[in-house]
Amino acid sequence: MSETKQRRTYDPTDLEHRWQERWAESGLYKTDEDENKPKHYALTMLPYPSGDLHVGHWYPMTPSDTRARFMRMNGFRVFFPIGFDAFGLPAENAAIGRGIPPRDWTYSNIERMRGQLRQMGAMFDFDSEVVTCDPEYYRWNQWFFLKFFERGLAYRMEAPVDWCPKDNTTLAREQVVGPDKRCERCGTPVIKKNLPQWLFKITDYAEELLDFSKIDWPERVETLQRNWIGRSEGAEIRFEIEGYGPVEVFTTRPDTLFGATFFVMSPEHPAIEAITTPEQSEEVRAYVERAAKMSEIDRTDVTREKTGVFTGAYAINPANGEEIPVYIADYVLMGYGTGAIMAVPAHDERDFEFAKKYGIEIRTVIAPPDWNGEDLDEAYAGEGTMVNSNECDGTPSTEGKEKVTAWLEERGAGKATVTYRLHDWLISRQRFWGTPIPIIFCDECGIVPVPEEDLPVLLPEDTEFMPTGESPLKLDPGFYNTECPRCGGPATRETDTMDTFMDSSWYWYRYLSPHYDRGPFDPERGEKWLPVDQYTGGIEHAILHLLYARFFTKVMRDLGLVDFDEPMTRLRNQGNILGPDGQKMSKSRGNVVNPQEYVDRFGSDALRCFLMFIGPWNEGGPWDGKGIEGVSRWLRRALSLVTGGVSSGGEADPSELPRRTNRLVKKITDDLGAFRFNTAIAALMEHTNYLLAVRGREEWHEALRTFVTVLSPFAPHHAEEMWAAMGEDYSVHEQAWPGYEEALIQASEITLIVQVNGKLRDRIEAPADISEETAKELALSSARVRPHLEGKELRKSIYVPGRLVNLVVG
RNA sequence: GCGAGAGUGGUGGAAUGGUAGACACGCUAGAUUUAGGAUCUAGUGCCUCACGGCGUGCGGGUUCAAAUCCCGCCUCUCGCACCA
């Protein structure tokens, strides 16, 4: 066969289509339910149906598939489902901008993406697909909401939300864009506005969420979650404000209490109006107003000079009875602690800056080591010895924390407490394309949950969208007018829908039984498959999605739905695949790489393998499509091992065949276990080159079988084609993963490295079991080595068995 | 500012105390009696005709031996950022 002809015969697209059809016909990827095998639930994050799969989807999914296949070949029954995270803003924007109903837009995108997913050649079990905007799915979102509500985990309160004054609507977090926080649609800077909102009490689980002992997750994700939860131990201290009453502060440094020379409240603090004296009220009101108008970005700009105003009020320091002035200042945030602080300028950088500016006393109460009694040039936040603190003088500050807290507790002026940065999860969205919150407002009965049997509360079908983006549910009497389930009187429905993170907080449970109608999932199926053994997805979900997922599972445990504490035993993150410009891939930047053109030209195996080959999977990196040609060449060469056509004149030792085959199996086994896809592919390439060079030997056919078997998780179509061409029984994907013998991997011959003073001087071929003595003799007698020893004394020699001799001379 | 990670050929990367640059891309030369965005062969870190020397961000250290371990610095990326 001529080379030209061979090139024409290599048509990866045709080959892949053939096998995809065969796989579908034969049900090859139907989930194996054989309970004699250990289970493996492999989960990859479900995509948002934006319209087309891009390489940002291929990058996490195909290596996850490779690993799922590997587990299957290792004797596990593997469940590897896929679905669509189908609620969300883009669908609504399509409706507003182009008049396409969100449902139509979403389902047509899903239809297209289903085909693209199949093209990937992954072993997804498409029978268990879940689409989160199906009433069949979101009904259970509503059910969960009701369960949360019953347990007091869902509650309604006034909460500040991002509000676009032009569109006259609130915005979801992800709709607020840019460093200066503007509305995604119209570019208007957003403001904060108080609205009644539904929240989930995730803070009840803050402490438990800090415990990662039951899961094997990347250190980085744990750290991010830990920081996000932001646990701080300290004390709540009660300061009496003259003529008003007690106001509490939170501090992590009760030991500095004697140094509190002023008191600061956030401009949003509810007590401000009551404590402000008439003389100061004008100034205070102006400051509060200015703070309210200020954009979030200005407000939280760390480099801005501290500002504040005196309220005219004084607070009494419970430690020493001193009167200290009460200020309001925007560097104190209402959203953390109690919204008020005791200011200790000597030992807090921010308080120091403020005190300097307003001429407030800076009293050192923690002596730094080697302190000479002079005033501090800057705040000292470290530990030291307590001074100027009455009976506490001389106490180390580390002990002082407890001592002061205990003292306060005795007098009812404070207590030890723990504060979290984590806030309750605000789930209300003033949006259409989401799960309706199953709540009814009745003038007589108040807030009434929709009875379980009335679920789901369906989204209306024919809806008109306002160009302003305001949720049509608010303007749809057919939707919101209803009867009170309790008293039967006229009532209105909640028109807010749920945050889409709700959908992704439990979807892997639904995969188990997507049409089950007696609960969110069939407990028998859960028994068989839960929890998820291996989750894969992007690091960008380290906090929100993955924290909510853990929270949900803990609540589900408390509801008796599951009997474990963590949703996913093991998590691994891929890095981000960036655009060719090194920037994050996004439609607006125009740097999105469409996998289709690569699939059409090189086939999906080539794209899969290329994505695994470009570098460590957890690092990601910019896309450079050129290299895919090398991978494509390799696959063609691999295929030619069976079909012929590619010749190789390279020289290789055929007797190495068993050793190299064993070594390959070990390498691929180890690499796949550790998510090192890039080095696994490199080893497969190397082995292909070797097999080509020694083609046709006695043991060759058996070695080829092994090679094709270990190739199959990476390039499933090509491996299947080769398997069939070798006359083996369908399918290679049902073969057992080959084992290897450690003993066979050892080479009989080694290259002995000879160094002189650590520098490489010669390489000598020697038997692997060479003795130290012989090795040294060989080294000393080497012609390349001798010149470097001349006139010098051999002081020492190091022998590393099977590797090297280092001669130390001087 | 705080926290985490990373710096290796022209490029992606490999090597986690013992042969630096595996495997690829690209490039150079040759073969395929036409062509080449095909294929095959050989070469390809830098300097040097060669012997050899130099070389993993920079500076120091530990060691017989350092990309790898330790100390200091620089640069980049990603989080968080007035959290009391």
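Residue numbers begin at 1 in each chain, while the letters A, B, ... track the order of the sequences. Excluded from the calculations below are hydrogen atoms, water molecules and symmetry mates; all remaining heavy atoms, backbone and side chain alike, are included. Everything quoted here is computed from the prediction, not taken from an experiment.
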Fill in the blank from the handout: Its contact letters, B for base, S for sugar-phosphate only and - for none at protein heavy atoms under 4.0 Å, make nucleotides 1-9 of chain B read ---------
Could you check whether [X] gets within reach of a base, just the sugar-phosphate, or nothing at all, counting any heavy atom under 4.0 Å?
X        : answer
A:Ile614 : sugar-phosphate
A:Arg761 : sugar-phosphate
A:Glu219 : nothing
A:Tyr420 : nothing
A:Asp624 : nothing
A:Val264 : nothing
A:Leu804 : base

Problem - side chain to side chain contact (heavy atoms under 4.5 Å, CB included) involving A:Asn576 - partner list, sequence neighbours excluded - result: A:Glu540, A:Leu578
For [X] and [N], what is the distance between atoms [atom1] and [atom2] respectively, to the nearest whole Å?
X        : N      : atom1 : atom2 : answer
A:Ile324 : B:rA84 : CD1   : P     : 19 Å
A:Ile543 : B:rC78 : CD1   : C1'   : 12 Å
A:Ile341 : B:rC82 : CD1   : P     : 14 Å

Does [X] place a side-chain N or O at less than 4.0 Å from the phosphate oxygens OP1/OP2 of [N]?
X        : N      : answer
A:Arg803 : B:rC64 : no
A:Asn678 : B:rA14 : yes
A:Lys759 : B:rC54 : yes
A:Arg421 : B:rA81 : yes
A:Lys626 : B:rC25 : no
A:Asn689 : B:rA24 : yes
A:Ser232 : B:rA84 : yes

Handout entry: Pairwise C1' distance, B:rG5 and B:rA24 [rounded to whole Å]
Key =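 So the two C1' atoms sit 25 Å from each other.
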Exercise for the section: For nucleotides B:rU11 and B:rG60, find the distance between their P atoms and express it as a whole number of Å. Expected result: 26 Å
Exercise for the section: Could you pick out which residue, A:Ile539 or A:Glu305, lies toward the 5' side of RNA chain B when each is mapped onto its nearest nucleotide? Expected result: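 On the 5' side of the pair lies A:Ile539.
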Problem - Ring-face cation of A:Lys306 near A:Tyr331 (centre distance under 6.0 Å, axis angle within 45°) - result: yes
Handout entry: Taking every non-hydrogen atom, the tightest pair across A:Pro345 and A:Gly259
Key =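 Smallest heavy-atom distance, with atoms named: CD-O, 3.8 Å.
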